[in-house]
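Numbers here simply count residues along the sequence, with the first being 1.
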Amino acid sequence: MTPTATGVSRPSFAWAAPAAVFFGLFALLPLVLVAVLSFAHWDGLSAPHFTGLDNWRTLFDDPVMLKSLWLSVLLTALGVAVQTPLSILLGVWAAGHQRNRAVLSAIYFIPLLLSAAAVSVLWRAVLDPNFGVPAHATWLFGDGNLFGEQGSAIGVLVFVSAWQFTPLHTLIYQGAARAVPRVLYQAAQIDGAGRVRQFFHITLPQLRNSIITSTILMVVGGLTTFDTVLILTQGGPGTDTTISAYYMYQKAFKNFDYGTASTIGVLLVLVATVISLIVVRLSGYDRMRSTMEGL
């Protein structure tokens, strides 16, 4: 145990060594290898050879790549805009003591137990234009082909992602809402504040740290979404839903251009890191300190 300036003892680094080794082997090492491959040409069979910055120059001259990066950011932003308010409202509700709340919460969290591939296959069948719900509700869905136009296809991707991952963020907000001191609400009630004012002036400010954490998770998850696009739209129509992660898959496993695919992977890591750092810096999260640190 190492004593700190405040006199509180902290565990030594040995306690974190197993996790550090695991992270190094399965996260840092593959990332370094991908970064090296981004400066080489490799078809997966012959020996890779160094090409310098050729992959990066080719990538930024590729209109499909630039479009895919914009689509990745757009889908991520839409995901945050849709999932954040839903998660907060459901999380605050689930933190209460309503009748049958536990049963309803358990049912609601079922999508979180399914894999993204299973969820995508499920909704692909439900939204199939030939035998799915749109085929029997043309008054609502028009010709029924939600995957035939960019706007509706993006809407489907946002909806399916929200259906699966909103429960995860709801769980985060549920725990945070339960940690809000009840004395704050009791004082607000004495002052005559109703539930709406309590929500905006007490609950939301107390959820600040959770909102930041949830947003970062949404950003990283949104930029690395792959299987949902692969199963639902396959990047179509045309390249209208070809996000960067799916384009990386095409380059690697269809064109056997692992150098360019590695370049896309490194670019996604950089974009996700920059956005996360901006969120942390603007929110002041990096300057926050816990009174329970070290305990």
Side-chain angles (χ1 to χ4, degrees), residues 19 22-23 27 75-123 126 155-185 195-196 198-229 231-232 245 272-273 275-276 279-280 282-286 288-293 295:
F22 184 87
F23 181 76
L75 283 173
T76 301
L78 290 175
V80 172
V82 171
Q83 295 180 43
T84 299
L86 283 176
S87 302
I88 292 176
L89 292 175
L90 289 170
V92 172
W93 173 82
H97 302 282
Q98 301 88 343
R99 185 179 181 182
N100 297 325
R101 176 197 54 80
V103 176
L104 293 175
S105 297
I107 295 175
Y108 179 73
F109 285 120
I110 289 178
L112 192 58
L113 305 177
L114 305 176
S115 67
V119 170
S120 300
V121 170
L122 169 66
W123 282 105
V126 171
V156 169
L157 292 175
V158 173
F159 168 77
V160 172
S161 295
W163 186 83
Q164 181 180 15
F165 295 111
T166 296
L168 169 63
H169 301 282
T170 297
L171 190 62
I172 294 175
Y173 292 121
Q174 179 183 2
R178 286 183 174 176
V180 178
R182 293 185 60 84
V183 66
L184 298 178
Y185 296 106
R195 288 190 176 183
V196 175
Q198 290 179 27
F199 175 78
F200 284 102
H201 293 280
I202 297 177
T203 306
L204 273 184
Q206 292 293 318
L207 295 180
R208 178 188 177 189
N209 295 353
S210 298
I211 292 174
I212 297 169
T213 301
S214 175
T215 300
I216 293 176
L217 290 176
M218 289 181 189
V219 168
V220 175
L223 291 175
T224 56
T225 297
F226 165 71
D227 34 12
T228 304
V229 175
I231 296 173
L232 285 175
T273 302
I275 294 177
S276 299
V279 171
V280 170
L282 293 180
S283 63
Y285 189 79
D286 59 329
M288 296 178 188
R289 295 293 182 268
S290 172
T291 58
M292 301 296 291
E293 185 176 1
L295 294 180

_Those residues that, when tested against Y185, pass side-chain hydrogen bond (donor to acceptor under 3.5 Å, both in side chains) (two or more places apart)_ =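 Counting only residues at least two positions away or on another chain, Y185 forms a side-chain hydrogen bond (donor to acceptor under 3.5 Å, both in side chains) with T203.
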
*Which residues satisfy the side-chain hydrogen bond (donor to acceptor under 3.5 Å, both in side chains) test with S120, sequence neighbours excluded?*
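Per chain and number, S120 pairs via side-chain hydrogen bond (donor to acceptor under 3.5 Å, both in side chains) with no residue.
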
Are any of the side-chain heavy atoms of [X] and [Y] separated by less than 4.5 Å?
| X | Y | result |
| --- | --- | --- |
| V119 | F165 | no |
| H169 | L90 | no |
| I275 | L223 | yes |

Pairwise distance [atom1]([X]) to [atom2]([Y]) - rounded to 0.5 angstrom:
| X | Y | atom1 | atom2 | answer |
| --- | --- | --- | --- | --- |
| T84 | L89 | OG1 | CG | 11.0 Å |
| I88 | I211 | CD1 | CD1 | 4.0 Å |
| S87 | L207 | OG | CG | 11.5 Å |

*What are the two closest heavy atoms between G222 and T76, and how far apart are they?*
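Between these two residues, the closest heavy atoms are C-OG1, 3.3 Å.
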
_Tell me whether R195 at atom CZ has more than 12 heavy atoms from other residues, nucleotides or ligands lying less than 6.0 Å away._
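Atom CZ in R195 is not crowded, with 12 or fewer foreign heavy atoms closer than 6.0 Å.
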
_Please determine whether the number of non-hydrogen atoms from other residues, nucleotides or ligands lying under 6.0 Å from atom CZ of F200 exceeds 12._
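Incorrect, the count does not exceed 12.
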
_The criterion is side-chain contact (heavy atoms from CB on, under 4.5 Å); which residues satisfy it with L78, sequence neighbours excluded?_
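side-chain contact (heavy atoms from CB on, under 4.5 Å) check on L78 returns L74, I154, V158.
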
